There are 2 protein chains.
Amino acid sequence: MSEIYSHGKKHLIAVDCIIFGFDDEGLKLLLFKRKVNPEKGKWSLLGGFINLNESVDEAALRVLSEITGLSKIYLEQLYTYGEVERDAGARVISIAYYALIKSNEYSEKLNKHHNAKWFSIDNVPDLIFDHNIMVNKALARLQRKSKTQPIGFELLPAKFTIPQLQKLYEAIFQKKFDKRNFRKKIISLKTLKKYEEKDKLNSKKGAFLYSFDKVKYKKMLEKGYNFEI
Amino acid sequence: MSEIYSHGKKHLIAVDCIIFGFDDEGLKLLLFKRKVNPEKGKWSLLGGFINLNESVDEAALRVLSEITGLSKIYLEQLYTYGEVERDAGARVISIAYYALIKSNEYSEKLNKHHNAKWFSIDNVPDLIFDHNIMVNKALARLQRKSKTQPIGFELLPAKFTIPQLQKLYEAIFQKKFDKRNFRKKIISLKTLKKYEEKDKLNSKKGAFLYSFDKVKYKKMLEKGYNFEI
DNA sequence: CCAAAAGTGTTGACCGTACACCCATGA
DNA sequence: TCATGGGTGTACGGTCAACACTTTTGG
């Protein structure tokens, strides 16, 4: 090893995951009751240290799948937090990731086992360290990305209705949309496939089911379409 | 220290800086000839290890100001690169930052001393490790941010002309704009202050000088203005 | 039969884009 | 006087935002 490397100081590096979910009640955040000191018993994001033989992305994926049991998760690096005193226990640099989980693929049983709980995005409790800052940044990122890319689909089941999709976007952007304009915009993207089936869970009339056409979406992205609503 | 921290493995953490500059010839990148093995003699980004007693942001700023002699630099964290084998010399996790430098405040003499050289953004050589990937991501970020925030100003002297500003935006977005539309858009933002002086370096007629009004700009950002051209 | 959610079109305002000529001046 | 870059206005088309009524059907 070149001498320059031996002069570098070594650090503890963690990953912390902001886990978003979505259901009838709106956008949710999965939080965990901390099991160790300091700050034992307080709510926190899911975290873990990075091993020597895994990449940072792999570490985030490992931590997530250990807890959720899911392997196909939308996961994206958010930001790295490196203040010296950010963690009261030791100097730890934390690389934050955010994940989007399809709630219908996630088992609620896991929560009791891990002391976890879903919180509504507009009712997030005080979290340890700088975790509230991470959550705010993740929400801002989700909003920004949703304007140009349909990542919101990652939070919905494979088949969904347009009113359901609208509720998702209203939850992400925290504002209401006109349903005629919303439908018009979504349809104009030509990336939805309509089914004959209806979902009657939320209304007597029933709403047609749609799915998302990934091939058409990729073409759309290349052309530089703007998903803004 | 809680037991959990002592189980974490420690890593070498570096910062790497993508340094942008701008002059008559266009958008530039400051690159350095590597002085150590492996890859000695190849071009690379400016980098350094993070000390135990400094935050990650502070480390990036320290590395930058050691080289450029500048202290007021626009600096923003870009992304963290954590593949196990990304650095051929050792397992190093690198936190990339990008910097915008006003070329008139930067002394060209510094370059010889540090084996550094400015490269045109559309003529970047092969760099060590994953540094080309970092550069591409930084340019994409600069483009995206420039659509909603006038960070391009960080690359210009305090007083500049509108044709100069247009050249900067054309360099960032790598495409030409209609000068009437550009001027109209920029003026409509109402964040420029016009001076009576003219700059005659680039034309016989001379172009009026402007400066950027940060107070008006901040108000604009709160209202959510779109800087897109 | 009625409550509740799904579905449907039109219009005006604004913004982005395309486009051509005159002005000032140093050489 | 002329070559060079600086400066100016208008018209079209597309996208966003506002707005109200009909349809379906389970209870």
Side-chain angles (χ1 to χ4, degrees), chain A residues 23-26 143 146-148 150 156 159-171 173-211 220 223-229, chain B residues 23-26 143 146-148 150 156 159-171 173-211 220 223-229:
Chain A
D23 64 19
D24 300 340
E25 296 165 39
Q143 289 176 344
S146 298
K147 283 185 182 177
T148 52
L156 289 174
K159 290 185 183 179
F160 50 86
T161 68
I162 289 186
Q164 215 178 346
L165 185 61
Q166 181 169 352
K167 283 194 189 79
L168 171 63
Y169 274 85
E170 288 176 343
F173 290 106
Q174 301 182 328
K175 68 178 190 180
K176 295 284 178 189
F177 300 109
D178 178 279
K179 62 179 177 173
R180 281 166 294 189
N181 293 339
F182 183 84
R183 183 177 292 262
K184 204 187 313 169
K185 179 72 183 181
I186 293 293
I187 299 288
S188 79
L189 299 182
K190 293 178 180 167
T191 55
L192 287 188
K193 183 182 169 192
K194 187 176 182 175
Y195 295 88
E196 290 308 310
E197 316 157 54
K198 280 189 167 188
D199 175 314
K200 294 207 171 188
L201 290 176
N202 292 306
S203 75
K204 291 157 186 172
K205 184 178 176 180
F208 283 106
L209 285 163
Y210 290 80
S211 72
M220 186 188 83
K223 286 191 220 156
Y225 202 92
N226 187 3
F227 203 78
E228 190 163 6
I229 305 171
Chain B
D23 64 19
D24 300 340
E25 296 166 38
Q143 290 176 344
S146 299
K147 283 185 182 176
T148 52
L156 291 174
K159 291 185 183 179
F160 50 85
T161 68
I162 290 186
Q164 215 177 347
L165 184 61
Q166 180 169 353
K167 284 194 188 79
L168 170 61
Y169 274 85
E170 288 176 345
F173 290 106
Q174 301 182 327
K175 67 178 191 180
K176 295 284 178 189
F177 300 110
D178 178 277
K179 63 178 176 173
R180 282 167 293 191
N181 293 339
F182 182 84
R183 184 177 291 263
K184 204 188 315 171
K185 179 72 184 182
I186 293 292
I187 299 289
S188 78
L189 299 181
K190 293 179 181 166
T191 56
L192 288 188
K193 183 182 169 193
K194 187 176 182 176
Y195 294 89
E196 290 308 309
E197 316 157 55
K198 281 188 165 186
D199 177 316
K200 295 203 169 188
L201 290 176
N202 292 306
S203 76
K204 292 157 185 173
K205 181 177 178 180
F208 283 107
L209 285 163
Y210 290 80
S211 71
M220 185 187 85
K223 287 191 218 154
Y225 202 92
N226 187 4
F227 203 78
E228 193 162 6
I229 305 172

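The shown structure was predicted, so the numbers you read here are calculated from the model rather than taken from an experiment. Letters go in sequence order (proteins before strands), and every chain restarts at 1. Quick note: numbers below take in every heavy atom, side chains included, and nothing from hydrogens, waters or symmetry partners.
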Residue-phosphate contact under 4.0 Å: K185(A) side-chain N/O, dC16(D) OP1/OP2: yes

Euclidean distance, atom [atom1] of residue [X] to atom [atom2] of [N] [Å, nearest integer]:
X	N	atom1	atom2	value
E196(B)	dG6(D)	CD	C1'	16 Å
I162(A)	dT8(C)	CD1	C1'	12 Å
F182(B)	dG9(D)	CZ	P	18 Å
D199(B)	dG7(D)	CG	P	10 Å
L201(A)	dT25(D)	CG	C1'	15 Å
Q164(B)	dG5(D)	CD	C1'	14 Å
I187(A)	dA6(C)	CD1	P	14 Å
Y210(B)	dG7(D)	OH	C1'	9 Å

Aromatic ring pairing F177(B)/F173(B), orientation class (parallel under 30°, perpendicular over 60°, tilted between):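 Rings of F177(B) and F173(B): perpendicular, as their planes differ by over 60°.
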
Derivation of the side chain to side chain donor-acceptor pair (under 3.5 Å) call for S211(A) and Y195(A): CA-CA 8 Å; S211(A) 72; Y195(A) 295 88; 2.9 Å; yes

Considering all heavy atoms, the nearest F182(B)-I162(B) contact: CE2-O, 4.0 Å

Least distance between heavy atoms, K159(B) atom then E197(B) atom: NZ-OE2, 2.6 Å

Stepwise side chain to side chain contact (heavy atoms under 4.5 Å, CB included) test for R183(B) and Q166(B): CA-CA 8 Å; R183(B) 184 177 291 263; Q166(B) 180 169 353; over 6 Å; no

Counterpart residues, ring-ring contact (aromatic ring centres under 6.0 Å, His included), relative to F160(B) (two or more places apart):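 ring-ring contact (aromatic ring centres under 6.0 Å, His included) check on F160(B) returns F153(B).
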
Nearest-0.5 Å distance, CG of residue N202(B) to NZ of residue K167(B):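 Taking CG in N202(B) and NZ in K167(B), the distance rounds to 5.5 Å.
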
Heavy atoms of other groups near K193(B) NZ, more than 12 under 6.0 Å: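 No.
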
Please list, for nucleotides 9-11 of chain C, all pairs of protein and nucleotide N/O atoms separated by less than 3.5 Å.
| residue | atom | partner | partner atom | Å |
| --- | --- | --- | --- | --- |
| dT10(C) | O4 | K184(A) | NZ | 3.0 |

Collect all protein-nucleotide pairs involving nucleotides 21-25 of chain C in which both atoms are nitrogen or oxygen and the distance is under 3.5 Å.
| residue | atom | partner | partner atom | Å |
| --- | --- | --- | --- | --- |
| dC23(C) | O2 | K205(B) | NZ | 3.2 |

Check against side chain to side chain contact (heavy atoms under 4.5 Å, CB included), T161(B) and L201(B): CA-CA 11 Å; T161(B) 68; L201(B) 290 176; over 6 Å; no

